[in-house]
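What you see below is based on every heavy atom in this structure, not just the backbone, and it leaves out hydrogens, waters and symmetry mates. Counting starts at 1 for both ligands and their atoms, in listed order. Quick caveat: nothing in here was measured; it's all calculated off a predicted structure.
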Amino acid sequence: MTSTFRTLLGGAAAAALLAAGTMAAQADNWKYAFEESLTEVQGVYATKFKEAIEANSDHTLELYPYGTLGESADIMEQAQAGILQFVDQSPGFTGALIPEAQVFFVPYLLPTDQDHLARFFKESKAINEDFQGLYANQGLELLVMFPEGEVAMTTKEPVRSCEDLNEVKFRVMTNPLLVESYKAFGATPTPLPWGEVYGGLQTNIIQGQENPTFFLYSTKMYEVTDHITYTGHNNFTTAVMANKDFYDGLSDEDKQLIQDATESAFDYIVEYQKGLADSELAKIMEAKPEMTVTVLSEEERACFKEAAADVEKTFIEMTGDSGKAILDQLKADLEATKG
Ligand code: 6CS
């Protein structure tokens with residue numbers, strides 16, 4: 001199957017133009033902000049992207065990890081304003097801006113199989129064409145979406161069923177559909193920016209949150225919660241974009257440079273993640289041996305799966321025909337990339 005990453009100018013043609021000296025290459029310094037630290041998945045992706053840009057051009061890329069320029073909402077504003085050329089913002093924070101991006105929070109929609117997910121993100125029409133248009137309407141050139149791993153719940157009390165979430169104030173990203181999901185799961189959803197999560201758990205303002213396993217270790221969630229539960233309801237998706245005016249103003253050569261860097265960083269991150277959940281879970285257990293880890297059985301997942309059908313309906317109510325079209329396309333893409 002062919003990749004849908006776009007080819008804008010053949011490598012040979014670009015080389016010929018350069019050799020003929022018809023293209024004056026200007027060295028620019030670009031800025032790229034993301035929602036995690038340099039050593040977390042988004043940071044590793046950004047580092048690979050930077051390496052590819054700098055190895056193949058005279059441009060330089062400055063990386064701004066989480067916190068250096070504010071929260072996720074802040075870096076998105078800066079990217080839309082053109083202060084940043086690149087931004088990584090997860091759909092979990094993009095729901096208000098692009099309601100259709102909430103489709104990634106319909107529970108049990110994405111597969112848990114890593115290879116299937118990788119093929120889906122690379123080849124999906126919904127992502128590489130339909131979402132491109134929706135992001136473009138917000139002044140953003142969507143470059144890539146990639147998975148960060150299956151999300152797990154971390155809570156103060158054990159979770160084996162939806163009833164166990166009753167009365168649990170559960171932190172979610174600021175995404176209306178994710179709020180609806182956790183309502184349907186039986187919890188009291190509490191949308192918060194990332195910076196308030198550790199303190200919120202420490203002071204018992206919230207009693208649970210969800211994130212991929214690597215993030216539970218790197219952000220020390222195990223210090224402020226005691227139980228990890230895998231319900232299989234989602235895989236964390238993130239997205240990297242460029243400011244659209246900036247991108248549209250680039251030469252074809254620079255656009256190709258960015259597309260190539262995007263593709264090579266994507267291939268790297270997909271491999272990087274294999275086994276990451278297992279290795280980071282082992283580190284959590286080493287740091288806190290009394291942490292409990294539960295993978296819910298099919299039977300135990302039943303109420304979460306039932307809730308998923310309602311959440312899908314809510315998604316369609318929230319987003320209308322355009323959301324329904326994206327959902328249908330996404331399902332078709334998932335089927336086509338099953339392998
Ligand atoms: O839960 C969050 O808010 C964060 N989770 C991840 C895996 N990355 C960034 C995001 O801010």
Side-chain angles (χ1 to χ4, degrees), residues 32-47 63-79 84 86-97 101-102 104-105 107 110 114 117 121 144-155 169-179 181-182 187 189-202 205-225 228-231 233-241 269-270 272-273 276-277 279-281 283-284:
Y32 177 144
F34 44 97
E35 304 167 322
E36 296 174 5
S37 76
L38 208 51
T39 53
E40 291 169 336
V41 172
Q42 290 181 17
V44 173
Y45 180 93
T47 302
L63 299 182
Y64 293 89
Y66 172 75
T68 53
L69 297 175
E71 285 283 354
S72 183
D74 302 312
I75 57 176
M76 175 55 101
E77 268 179 31
Q78 291 158 22
L84 295 170
F86 300 97
V87 66
D88 185 327
Q89 186 185 62
S90 305
F93 292 109
T94 317
L97 196 65
Q102 299 177 100
F104 295 102
F105 296 93
L110 297 180
Q114 295 264 332
L117 263 176
F121 279 107
V144 71
M145 287 188 176
F146 62 87
E148 293 198 39
E150 182 180 334
V151 298
M153 298 179 185
T154 45
T155 48
K169 288 200 200 76
F170 201 101
R171 180 268 174 172
V172 292
M173 289 181 281
T174 53
N175 176 311
L177 196 71
L178 197 49
V179 168
S181 273
Y182 270 88
T190 310
L192 288 174
W194 174 249
E196 292 176 40
V197 179
Y198 188 98
L201 287 164
Q202 202 172 28
I205 286 167
I206 47 172
Q207 295 91 36
Q209 67 90 39
E210 62 161 36
N211 255 308
T213 307
F214 83 86
F215 207 65
L216 304 183
Y217 177 69
S218 59
T219 62
K220 298 188 166 30
M221 283 294 106
Y222 57 85
E223 289 180 351
V224 283
T225 50
I228 298 179
T229 309
Y230 293 93
T231 57
H233 71 279
N234 209 359
N235 195 295
F236 193 98
T237 299
T238 198
V240 180
M241 298 132 253
I269 210 70
V270 162
Y272 174 83
Q273 277 184 79
L276 191 64
S279 65
E280 304 314 277
L281 185 60
K283 290 180 194 167
I284 292 173

[X] [atom1] to [Y] [atom2] distance, which is reported to the nearest 0.5 Å:
X: Glu150; Y: Tyr230; atom1: CD; atom2: OH; value: 7.0 Å
X: Tyr182; Y: Asn175; atom1: OH; atom2: CG; value: 12.0 Å
X: Glu210; Y: Met173; atom1: CD; atom2: CE; value: 6.0 Å
X: Glu40; Y: Leu276; atom1: CD; atom2: CG; value: 10.0 Å

Within the 3.5 Å criterion, strictly below it, is a donor on Thr155 or Gln207 matched to an acceptor on the partner's side chain?
no

When you pair each N or O of ligand 1 with protein N or O atoms, which pairs come out under 3.5 Å?
residue	atom	partner	partner atom	Å
ligand 1	1 (O)	Arg171	NH1	2.8
ligand 1	1 (O)	Asn211	OD1	3.3
ligand 1	1 (O)	Asn211	ND2	2.9
ligand 1	3 (O)	Arg171	NH1	3.4
ligand 1	3 (O)	Arg171	NH2	2.9
ligand 1	5 (N)	Asn211	OD1	2.8
ligand 1	8 (N)	Glu36	OE2	2.6

Counting C-beta onward and ignoring hydrogens, is there a side-chain heavy-atom pair between Val151 and Phe215 closer than 4.5 Å?
no

